[in-house]
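Report on the structure given below.
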Protein chains: 2
Amino acid sequence: MGATKTEHFTVQQNTIATIAKALGHPARVAIIEYLLQVDTCICGDIVNELPLAQPTVSQHLKELKNAGLIKGNIEGTAICYCINETAIEQLKSYFGEMTVRLNEKKSSCC
Amino acid sequence: MGATKTEHFTVQQNTIATIAKALGHPARVAIIEYLLQVDTCICGDIVNELPLAQPTVSQHLKELKNAGLIKGNIEGTAICYCINETAIEQLKSYFGEMTVRLNEKKSSCC
DNA sequence: TCTTAATATCGCAATATTACGATAAATAAT
DNA sequence: ATTATTTATCGTAATATTGCGATATTAAGA
């Protein structure tokens, strides 16, 4: 085997897992943080910011895009990448609600 | 190659990536949600809740534990697993702060 | 002590990820 | 048209993940 059994889980569980997986690599966390830091989102220089070769960065960007975490617009010869706020909001709500529920049930036995 | 170059990124970036990676599989999301749902955290029946074999579940639990997302206490022959609230709070703050910063800079050009 | 029950670990096969050099594709500038 | 610039894709090697059967471990109960 080796392939994830996605079909056995709910859509929401798979959605969260997909977004989380995309953030499961420090380079991709670094990319998101860089996009957040930079004012404009004309971001042709992501490659220079990261300690990785250009094809590797391109691949990471592709995965972030597939997971819906970033958007990319062609801007001449460069490409304008920026954060998809919806995905981040989704994570915020998910973990926000989870902490609320954790605080409600204080019966932590561990 | 094939190994993540963790040493090139900040501690915080690696921390977030590690926790996110642990949640990057629907089975592990399902485990967390189940632990949240169940009142007490005597959770010997996680295996019955998931469509996966016992060794596979055990492995997923191990990864969640290594990432600091759950805690496990030995309770006789069973094991009491429960969510580590700190890790969830960490994610909540991280994405919460991120949405704040996203709303501050409305200059979304995409 | 012997059995039962609950988890963990080992070993392995299938698949996925990570990284990068080489190269392609697309547009801008000369 | 030719060249430079930027990003994507291909191919491939190294490593990691996923899943499970078989087996070990650990402690409770008869």
Side-chain angles (χ1 to χ4, degrees), chain A residues 1-9 13-14 17-31 34-35 41-67 69-82 110, chain B residues 1-9 13-14 17-31 34-35 40-67 70-82 110:
Chain A
M1 320 292 145
T4 299
K5 291 187 159 182
T6 50
E7 67 276 12
H8 293 309
F9 302 97
Q13 283 164 352
N14 277 301
T18 301
I19 305 179
K21 190 175 188 179
L23 287 172
H25 192 291
R28 294 195 288 266
V29 173
I31 289 172
Y34 181 67
L35 287 179
C41 55
I42 299 151
C43 307
D45 41 8
I46 295 177
V47 174
N48 304 320
E49 284 294 315
L50 294 180
L52 295 168
Q54 180 267 322
T56 308
V57 174
S58 188
Q59 207 172 297
H60 282 308
L61 286 166
K62 193 180 175 185
E63 273 170 73
L64 285 170
K65 202 174 176 183
N66 285 342
L69 273 160
I70 61 175
K71 295 179 278 185
N73 271 35
I74 298 170
E75 196 114 332
T77 170
I79 287 194
C80 159
Y81 275 117
C82 57
C110 302
Chain B
M1 320 291 141
T4 299
K5 292 186 158 182
T6 50
E7 67 277 11
H8 293 308
F9 302 98
Q13 283 164 351
N14 277 301
T18 300
I19 305 178
K21 191 177 187 177
L23 287 172
H25 192 291
R28 295 195 287 266
V29 173
I31 289 172
Y34 181 66
L35 286 179
T40 130
C41 55
I42 299 152
C43 307
D45 41 8
I46 295 176
V47 173
N48 304 321
E49 283 294 315
L50 292 181
L52 295 169
Q54 181 268 321
T56 309
V57 174
S58 187
Q59 205 173 301
H60 282 308
L61 286 166
K62 192 179 175 186
E63 272 170 75
L64 285 170
K65 203 174 175 184
N66 284 343
I70 62 175
K71 295 179 280 185
N73 271 35
I74 298 170
E75 196 114 331
T77 171
I79 288 195
C80 158
Y81 275 116
C82 58
C110 300

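Bear in mind that the values here come from a model prediction, so they are computed numbers and not experimental data. Chain naming here is simple, since letters A, B, ... match the order of the sequence lines and numbering starts at 1 in each.
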Just compare [options] and give me whichever is closest to any side-chain atom of [X].
{"X": "T4(A)", "options": "dA22(C), dA19(C), dT18(D)", "answer": "dT18(D)"}
{"X": "A53(B)", "options": "dG21(D), dG21(C), dT7(C)", "answer": "dG21(D)"}
{"X": "Q59(B)", "options": "dC20(D), dT18(C), dA8(D)", "answer": "dC20(D)"}

Strictly below 4.0 Å: does [X] bring a side-chain N or O up to OP1 or OP2 of [N]?
{"X": "T56(B)", "N": "dC20(D)", "value": "yes"}
{"X": "H60(A)", "N": "dA19(C)", "value": "yes"}
{"X": "Y81(A)", "N": "dA8(D)", "value": "yes"}
{"X": "S58(A)", "N": "dA8(D)", "value": "yes"}

Could you give the [atom1]-to-[atom2] distance, from [X] to [N], as a whole number of Å?
{"X": "I46(A)", "N": "dT7(D)", "atom1": "CD1", "atom2": "P", "result": "8 Å"}
{"X": "H8(B)", "N": "dT18(C)", "atom1": "NE2", "atom2": "P", "result": "15 Å"}
{"X": "K62(B)", "N": "dT17(D)", "atom1": "NZ", "atom2": "P", "result": "11 Å"}
{"X": "N48(B)", "N": "dT7(C)", "atom1": "CG", "atom2": "C1'", "result": "13 Å"}
{"X": "I31(A)", "N": "dA19(C)", "atom1": "CD1", "atom2": "P", "result": "10 Å"}
{"X": "L52(A)", "N": "dC20(C)", "atom1": "CG", "atom2": "C1'", "result": "10 Å"}
{"X": "N66(A)", "N": "dA16(C)", "atom1": "CG", "atom2": "P", "result": "14 Å"}
{"X": "I79(B)", "N": "dT25(D)", "atom1": "CD1", "atom2": "P", "result": "16 Å"}

>> I want to confirm an ordering. Mapping T6(A) and K65(A) to their closest nucleotides on DNA chain D, which one lands closer to the 5' end?
In response: K65(A)
Atom of [X], atom of [Y] and distance for their closest heavy-atom approach:
{"X": "A27(A)", "Y": "L52(A)", "result": "CB-CD1, 3.7 Å"}
{"X": "L35(A)", "Y": "Y81(A)", "result": "CD2-O, 3.5 Å"}
{"X": "A22(B)", "Y": "E63(B)", "result": "CB-O, 4.4 Å"}
{"X": "I31(A)", "Y": "L64(A)", "result": "CG2-CD1, 3.7 Å"}
{"X": "L23(B)", "Y": "A20(A)", "result": "O-CB, 3.6 Å"}
{"X": "I70(A)", "Y": "L61(A)", "result": "CD1-O, 3.6 Å"}

> Can you list, by residue number, the residues of residues 18-29 of chain A that have a non-hydrogen atom closer than 4.0 angstrom to DNA chain D?
Replying inline: none
>> Applying a 4.0 Å non-hydrogen cut-off, can you work out what E63(A) is touching in the nucleic acid: base, sugar-phosphate, or nothing?
In response: sugar-phosphate
> Going by heavy atoms in the side chains, are D45(A) and Y34(A) under 4.5 Å from each other?
Replying inline: yes
> Which class fits the ring pair H60(B) and H25(B): parallel under 30°, tilted 30 to 60°, perpendicular over 60°?
Replying inline: tilted
>> I'd like to know if Q54(B) reaches the base of dA8(C) with its side chain such that a donor and an acceptor end up less than 3.5 angstrom apart.
In response: yes
